[in-house]
Structures are given as C-alpha cells and as structure tokens.
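Notes follow once the structure below has been shown.
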Amino acid sequence: MTIARHLADRTGAVLLDIHTLYNPAYALATPKSEAYFDIIRDVWPVVDPRILALPPGRMVIFTDVLAGWPPLDPWIEENLVRLRHLGAARGGLAVVNLSCDRAENRRRMAAPERAGAGKPRDPAYADAKHDAGKPLLSCGADRMLALDVTALSAEEAAGHIADWLQAPG
C-alpha cells in the first residue's frame with residue numbers, strides 16, 4: 001500500500017487499494033463467507049462505472065493479491081474477469097507483482113504503521129504465504145513487471161514502477 005500511495009502521488013493515478021473495496025465486507029460479514037463476497041460484489045457496480053468514466057489516460061491503481069494454482073478458486077477467477085474487463089475498457093492492463101525475501105516480509109508485516117489498517121501483522125502470516133508458494137497471477141495483462149522490493153524503499157519501488165509504466169510497452 002505504501003508503494004501504491006507513492007506511485008499514485010508520482011503519477012496522478014487514482015488509488016483503490018483492496019481495503020477501499022473490501023472494508024464494508026470485513027465490517028459486515030464473516031470473512032470469506034458468501035455474505036462477505038456478496039457485499040464486495042455489491043460495491044463493484046458503484047465503483048466500476050466511475051472508473052470507466054475517468055478521463056482517458058488517467059491511471060487507476062488497484063492493490064490486491066491474486067495468486068493460485070490452476071484450477072483457480074472461483075473468487076480469483078471472478079476478480080480476473082473484472083480486472084480484464086476494466087483493463088480492456090480503459091486501454092490496457094498493467095500488472096506489477098511485488099516480492100521480497102522472507103525476512104524482510106516478516107519485518108514489514110509486523111511494522112507498527114500496519115496497525116489499525118485492517119492488515120495482518122503477524123509475521124507467521126508472511127511465513128504461510130512464502131510456504132504456500134502460490135504464483136502471483138499476471139491477470140492476462142498487456143504488460144507485467146515482477147519487482148523484488150527487498151532492498152528498495154517504497155519511494156524507490158514507486159520510481160521503478162513509474163519509469164516502467166512510462167517506457168514503451
């Protein structure tokens with residue numbers, strides 16, 4: 001999220017982090033329940049037309065983790081269809097997959113600034129994600145960047161991404 005904020009500041013993009021769309025579901029339903037997914041689906045018809053109405057060239061940044069092995073979970077598939085549709089309607093979909101080594105991921109996971117943001121803070125969560133080893137998905141993107149941010153500050157990572165986005169595809 002910190003990298004995304006820096007990238008939005010740098011590029012003038014609209015930032016819709018995962019919590020913007022998911023927080024109503026977290027507040028009103030049991031996570032991963034059918035009611036939870038229904039609430040998120042209820043948010044999409046409010047948000048998506050406004051995304052599509054943005055001026056051409058105005059970038060939209062989503063923060064999400066879409067990962068898995070085929071066959072993919074139906075919820076992941078549903079998200080992919082939505083993102084592909086939005087990308088096609090807005091002139092293209094660029095995906096950035098961020099990674100960092102386990103020790104750095106554990107350190108970042110426990111960072112005090114994550115408190116109160118509805119984000120996992122237990123370093124064991126980072127371990128579980130590393131152990132699962134699920135590949136991050138390209139989402140059928142027109143362009144994709146894999147960036148290891150282990151040794152990069154959020155500002156440096158945002159700079160790399162902004163440079164990549166501005167370079168010819």
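Computed from a predicted model, the values in this text were never measured in an experiment.
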Which pairs would a plain distance check flag for residues 61-73, meaning a side-chain donor or acceptor within less than 3.5 Å of a matching protein atom at least two apart in sequence or in another chain?
from: Thr63; atom 1: OG1; to: Ile18; atom 2: N; distance (Å): 2.8
from: Asp73; atom 1: OD1; to: Trp75; atom 2: N; distance (Å): 2.7
from: Asp73; atom 1: OD1; to: Ile76; atom 2: N; distance (Å): 3.4

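Side-chain atoms of Arg143 do not come within 3.5 Å of backbone N or O of Leu93 as any donor-acceptor pair. Asn105 contributes no side-chain N or O that, together with a main-chain N or O of Asp101, makes up a donor-acceptor pair within less than 3.5 Å.
The distance from atom CZ of Arg107 to atom SG of Cys100, rounded to the nearest 0.5 Å, is 9.0 Å. Taken from CG in Leu147 to CD in Glu156, the straight-line distance is 10.5 Å, to the nearest 0.5 Å.
The two atoms that bring Ala25 and Ile40 nearest to each other are CB-CG1, 3.6 Å, heavy atoms only. Taking each heavy atom of Pro112 and Arg121 in turn, the nearest pair found is CA-NH2, 3.5 Å. Val149 and Arg108 make their closest contact through O-NH2, 2.8 Å (heavy atoms, listed as atom of the first residue, atom of the second, distance).
Note on residues 77-91: pairs passing side-chain hydrogen bond (donor to acceptor under 3.5 Å, both in side chains), not counting sequence neighbours, are Arg41-Glu78, Asp48-Arg82. Residue pairs that meet the side-chain hydrogen bond (donor to acceptor under 3.5 Å, both in side chains) test with at least one member in residues 133-142, sequence neighbours left out, do not exist here. The ring pair (Phe, Tyr, Trp, His ring centres under 6.0 Å) contacts involving residues 135-166 comprise nothing, where partners must be two or more places apart or lie in separate chains.
Residues passing the side chain to side chain donor-acceptor pair (under 3.5 Å) test with Asn97, sequence neighbours excluded: none. Qualifying ring pair (Phe, Tyr, Trp, His ring centres under 6.0 Å) partners for Tyr36, counting only residues two or more places apart in sequence or in other chains: Tyr26. The salt bridge (Lys or Arg N to Asp or Glu O under 4.0 Å) check on Asp131 picks up Arg102, with sequence neighbours excluded. A search for side-chain contact (heavy atoms from CB on, under 4.5 Å) contacts involving Ala162 returns Leu7, Arg10, Thr11, not counting sequence neighbours. The side-chain contact (heavy atoms from CB on, under 4.5 Å) test applied to Ala35 returns Ala29, Ser33, not counting sequence neighbours. By the side chain to side chain donor-acceptor pair (under 3.5 Å) test, Ser99 is found to be paired with no residue, residues two or more places apart in sequence or in another chain being considered. Residues forming a side chain to side chain donor-acceptor pair (under 3.5 Å) with Thr20 (at least two apart in sequence, or on another chain): Asp17.
Taken together through direct or relayed side-chain contacts under 4.5 Å among Ile, Leu, Val, Met, Phe, Trp and Tyr, Leu52 and Leu83 form part of one hydrophobic cluster. Side-chain heavy atoms closer than 4.5 Å link hydrophobic residues (I, L, V, M, F, W, Y) into clusters, and following such links, even through other members, never connects Trp44 to Leu28. Taking hydrophobic clusters as Ile, Leu, Val, Met, Phe, Trp and Tyr residues chained together by side-chain heavy-atom distances below 4.5 Å, Leu152 shares a cluster with Ile3. The hydrophobic cluster containing Val81 does not contain Leu86, counting ILVMFWY residues as joined when their side-chain heavy atoms lie under 4.5 angstrom apart, directly or transitively. In this structure, Val60 is a member of the same hydrophobic cluster as Leu80, with clusters built from ILVMFWY side-chain heavy atoms closer than 4.5 Å.
Contact annotation: the side chain of Val95 never approaches that of Leu136 to less than 4.5 Å [non-hydrogen atoms, C-beta and beyond]. Looking only at side-chain heavy atoms (C-beta outward), Ile161 and Leu98 come within less than 4.5 Å of each other. Side-chain contact between Ile51 and Arg58 is absent, with no heavy atoms from C-beta onward closer than 4.5 Å.
Through direct or indirect side-chain contacts shorter than 4.5 Å among Ile, Leu, Val, Met, Phe, Trp and Tyr, Tyr125 is connected to Met109.
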